[in-house]
Amino acid sequence: MSREVASSTTVAEYDNRTAFAEELVELARTDERIVAVCNDSVGSSNLGAFKSEFPDRLINVGIAEQNMVGVGAGLASAGYIPFVCAAGPFLTGRALEQVKADVAYSQHNVILCGMSPGMAYGELGPTHHSVEDLSWLRALPGLDIVVPADRHQTRLAVRQAVENPRPTYIRVGRFKVPDVSSDSSGLERGTFQTVRDGSDVTLIGTGTTVSRALEAADALAESGLSVRVLNAAYLAPLDIDAITAAAGQTRAIVTAEEANVAGGLGAAVASVVSQLPAGSRPPVRILGLSEFAPTGNTAWLLDHFGLTAAHIRDAAEDALSDG
Amino acid sequence: MLTTDTRQVEQWRELTSAVAGADAVERDALLTDRAKATRREIIKMIDKAGQGHIGGDLSVTDILTVLYNAVLRIDPATPDLEGRDRFILSKGHCAAALYVTLASAGYFPASALSTFMDADSALNGHPNRNKVPGVETNTGPLGHGLPVAVGQALAAKLAGNGARVFAVMGDGEMQEGSNWEALMTAAHYGLDNLTAIVDRNRLQQGARTEDTSSLDPLDEKLLAFGFELRSVDGHDYDQLLGAFAPSSTGKPVAVIANTIKGKGVSFIEDRVEWHHKVPSAEQVALAMEELA
């Protein structure tokens, strides 16, 4: 994977699904309420080990996503903690009404796990890209949306879902990402994590774009800028305070998401900023998709759609010159 | 959230124990009285609200009456009782029939029924579990109830608590593909604690089911999907009680309840325009006479 803004050290990168699967199995050993529901995705959802150890608690409904989410709601209504796993586009798109009516509106504590989201399925094309999920699901009241940026946050998201089950969507990435947090840095519901503090410009990433925002921050720092980097680990509930603080304390905001910009992270941030008093509304640049992707692998697509560290850096400079 | 009507729960307990101890003739008389009262209340609610799905409410009434007074292992005083039997009204537009049934079991005071579809009422036009005790999941869009029921039946199997799960679908609703996904899963997992009931009144919103997207041979389809099939008169208490008996084959049970849309009111029966038409004052009076 090429990086236009090189990071100073080579870092190991991880498939978040590994952390997801390991944490789920570990927790399931002591909590019999945990069940997994999937759509013929034992392999792609990384549920092989779960199936081996808990065959009765792995429910594979076959290629039937609407039914899959309903089954999850039924299990949750009877006290189980179902992790409903499927490739993101089909879990959220095909079963969107089930997510709305059976999970969010019914307040059944289903943990929806959108596997391989964003453009992780690069060359397979837009049918297999889960880039609308954030827009669709943000419209549903009562549904938490968690986008772990790395393996540590993925584990924490799973743990929190078991400790305090509530209707939740977890975006479990397969595109390898470096660590941007540690196991002890936590994951607090409804908050953006401050990965780095700064006073000139705020970069907000989510999932795969957080490490890129950090790289962009390194490059901007070389130009003498003080850069704040926020990790939008939760998109719902939305961290209005962090956005308000960024708007008041820095001169520009750049958001970057591996998702469609219509209704996603950038739209959420812009919506908060637009309601602030005059003088507290810095320029906002929103990086993301606005059309269906051409053919290409994930790294190429991230470059194509302006989601590399270099693009984030450029957007920040552009916004600052506008401010 | 509405709360339990303890006095009404006592009356419900007396009725269910009388039904359980009665011979067939007495039992039918008790259930007939209950169903007639339910139908009268449905008409009153729809009259006051100025809207509602009167045809489907009246076709499903006898099914609900039998389930809630002679079949389900529930305690309306403890709506969240662990290991209880579950009922899901997948055809959620027939909420009025469910609300009257739940109120008559004491899940909430009958006085709330007069608020049906009023501003800020708990009684929405489609059931909401967060506001109405006894409602197990929110329904309304079609094709949702059976998958949730399958999940509940799986949960009962995992817990080994012997709970049974019943879901009622409209026959028009069986045109939704999610139902057939759920039927496959139920059969695959051998959910003999699940009873999928089709309220087969042969009418949907716009026309007869067989003129819209035909369902027949529905019995053969359900058999082919791996269900134990019971096809009954959906207004005959003896037949319904037989249809709701536990599975005898280890398979999930499908009940085709052959019903008449608008059952009990002559000018509404089997007429497509009464899917959600509201009766005039004269028609309300006439309906009350017929249901007296």
Side-chain angles (χ1 to χ4, degrees), chain A residues 28 31-40 54-84 86 90 94-112 140-143 165-167, chain B residues 1 79-88 90 92 124 126-132 135-161 163-165 167 176-191 193-194:
Chain A
D31 195 331
E32 293 189 346
R33 298 172 303 165
I34 296 173
V35 293
V37 186
C38 71
N39 62 337
D40 190 31
F54 314 105
D56 295 344
R57 286 152 64 187
L58 184 284
I59 293 151
N60 183 350
V61 302
I63 308 159
E65 291 77 19
Q66 298 178 15
N67 177 42
M68 173 184 67
V69 174
V71 165
L75 285 158
S77 81
Y80 285 88
I81 303 174
F83 283 76
V84 174
F90 313 126
R94 191 143 198 158
L96 184 58
E97 194 186 77
Q98 277 71 20
V99 174
K100 172 185 168 180
D102 305 346
V103 180
Y105 180 48
S106 289
Q107 286 292 290
H108 288 312
N109 297 331
V110 178
I111 317 304
L112 302 158
L140 302 179
L143 182 72
R166 51 164 59 91
Chain B
M1 184 82 169
D80 296 331
L81 185 71
E82 205 174 316
R84 68 190 179 279
D85 287 350
R86 310 264 180 157
F87 172 77
I88 292 176
S90 191
N124 185 21
H126 295 90
N128 180 319
R129 68 179 283 270
N130 309 104
K131 296 178 182 174
V132 187
V135 172
E136 297 282 3
T137 193
N138 299 3
T139 52
L142 299 175
H144 284 245
L146 191 57
V148 177
V150 167
Q152 291 177 337
L154 278 163
K157 288 285 183 187
L158 281 170
N161 61 17
R164 299 179 66 200
V165 183
E176 292 280 8
S178 49
N179 285 320
W180 300 93
E181 294 180 359
L183 290 166
M184 278 190 277
T185 300
H188 179 82
Y189 281 95
L191 299 180
N193 57 344
L194 174 75

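Note on naming: letters A, B, ... go to the chains in the order of the sequence lines (proteins, then strands), and numbering restarts at 1 for each one.
- The structure places CD of A:Q66 at 10.0 Å from CG of B:N179, a figure rounded to the nearest 0.5 Å.
- For a residue to count as touching a neighbouring chain, one of its non-hydrogen atoms must lie under 4.5 Å from one of that chain's; by this rule A:E65 touches chain B with the backbone only.
- In the model, A:S77 has no side-chain atom that pairs as donor or acceptor with a side-chain atom of B:E136 under 3.5 Å.
- For A:N67 against B:S178, the heavy-atom pair with the smallest separation is CB-O, 4.5 Å.
- Within the model, atoms CG of B:N130 and OH of A:Y105 stand 7.5 Å from one another, a figure rounded to the nearest 0.5 Å.
- If you measure heavy-atom distances from A:V35 to chain B, the contacts under 4.5 Å come from the side chain alone.
- Nearest heavy atom pair, residue B:P141 against residue A:E97, reads CB-OE1, 3.1 Å.
- Within the 3.5 Å criterion, the main-chain N or O of B:G151 finds no donor-acceptor partner in the side chain of A:Y80.
- Heavy-atom neighbours of A:R57 CZ from other residues, nucleotides or ligands within 6.0 Å: above the threshold of 12.
- Interatomic distance, CG of B:L158 versus CZ of A:R33, reported as 14.0 Å (0.5 Å rounding).
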Can A:I59 and B:Y189 be said to form a side chain to side chain contact (heavy atoms under 4.5 Å, CB included), step by step?
CA-CA 9 Å; A:I59 293 151; B:Y189 281 95; 3.7 Å; yes
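- Annotation for A:D102 and B:N138: closest pair OD1-O, 4.3 Å, computed over non-hydrogen atoms.
- When each of B:Q152, B:H188, B:E181 is checked for heavy-atom pairs under 4.5 Å with chain A, B:E181 comes out on top.
- Within a 6.0 Å radius of CD1 in A:I63, no more than 12 heavy atoms belonging to other residues, nucleotides or ligands are found.
- The candidate with the highest count of non-hydrogen atom pairs below 4.5 Å against chain A, out of B:N161, B:T137, B:V150, is B:T137.
- Most heavy-atom pairs under 4.5 Å with chain B, from the set A:A78, A:G79, A:P82: that is A:A78.
- Within the 4.5 angstrom heavy-atom criterion, no atom of B:A149 approaches chain A.
- Of the atoms belonging to B:A159, heavy atoms from both backbone and side chain fall under 4.5 Å from chain A.
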